[in-house]
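None of these values were measured; they are calculated from a predicted model. As a basis for the values below, the full set of heavy atoms in this structure was taken, side chains included, without hydrogen atoms, waters or symmetry mates.
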Amino acid sequence: MSNRGDRVLGLILLVLALAYGWGAQQWPEPFGGAEEVGPETFPTLLAIVLGLSSLYLMFKPDPDAEWPLGKTAAELGLAMVILVAYAFLLEPLGFIPATTMAVGALSWRMGAKLLPAFMTGLISAVVVFVIFNYGLSLSLPAGPLGAE
């Protein structure tokens with residue numbers, strides 16, 4: 001892959017960032033007026049990071065980037081499968097179990113031992129859940145754990 005490939009990827013990601021950021025702004029204003037941190041804040045921040053990263057790819061491409069082959073390509077494919085599965089399982093399982101499995105599996109595939117990888121996933125999921133649900137009042141799906 002040449003630096004042209006990095007620039008094309010950067011352009012595609014920039015379009016995705018703009019579309020994602022625009023979509024995040026389409027949430028209706030909550031009843032009773034605007035909040036300081038609303039449901040569009042986090043997606044907007046992600047869109048900004050993606051947009052800046054894509055601009056970096058476009059203006060500072062890697063001169064000798066090569067497409068990964070063999071085992072590396074398979075690991076990247078597995079990571080994509082894990083992330084897609086995470087997106088589908090987030091609502092039915094809830095944030096904590098789905099995030100524990102996704103972060104644990106990705107950490108394990110990056111070289112961590114199995115138990116520490118999943119403990120990292122569990123601790124990360126609980127901390128983020130508490131921050132979002134109780135600190136920022138932005139509810140994350142609780143899944144069966146939140147059913148009464």
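Heavy-atom minimum distance, G121 versus V103: CA-CG1, 3.6 Å. Nearest heavy atoms, S54 versus G10: CB-O, 3.1 Å.
Grouping the Ile, Leu, Val, Met, Phe, Trp and Tyr side chains by contacts below 4.5 angstrom, directly or via other members, places L106 apart from V127. Residues L83 and L13 do not share a hydrophobic cluster, defined by chaining ILVMFWY side chains whose heavy atoms lie under 4.5 Å apart. Tracing side-chain contacts under 4.5 Å through hydrophobic residues (I, L, V, M, F, W, Y), one reaches F95 starting from L122; they form part of the same cluster. Under the 4.5 Å side-chain heavy-atom criterion for grouping Ile, Leu, Val, Met, Phe, Trp and Tyr, L46 is not connected to L52 through any hydrophobic cluster. Put simply, V130 and I96 are part of the same group of oily side chains (I, L, V, M, F, W, Y) that touch within less than 4.5 Å, one to the next.
Distance check: L76 CG to M80 CE gives 9.0 Å after rounding to the nearest 0.5 Å. With rounding to the nearest 0.5 Å, the separation of CG in L89 from CE in M101 is 5.5 Å. Put simply, CD1 on I82 and CG on L78 are 4.0 Å apart, with the number rounded to the nearest 0.5 Å.
Taking Ile, Leu, Val, Met, Phe, Trp and Tyr as members and joining any whose side-chain heavy atoms lie under 4.5 Å apart, directly or through other members, the hydrophobic cluster of L11 also contains L14, L18, L55, M58, F59. Grouped with L115 in one hydrophobic cluster are M119, the linkage being side-chain heavy-atom contacts under 4.5 Å among Ile, Leu, Val, Met, Phe, Trp and Tyr residues. Listed by chain and number, the hydrophobic cluster partners of F88 are V84, where partners are ILVMFWY side chains within reach of under 4.5 Å, directly or through others.
A salt bridge (charged side-chain N to carboxylate O under 4.0 Å, His left out) check over residues 120-129, counting only residues at least two apart or in different chains, returns nothing. The stretch residues 112-125 participates, sequence neighbours left out, in no side chain to side chain donor-acceptor pair (under 3.5 Å) pair at all. Applying the side chain to side chain donor-acceptor pair (under 3.5 Å) rule to pairs touching residues 89-110 yields E75-R109, Y86-T99, sequence neighbours excluded.
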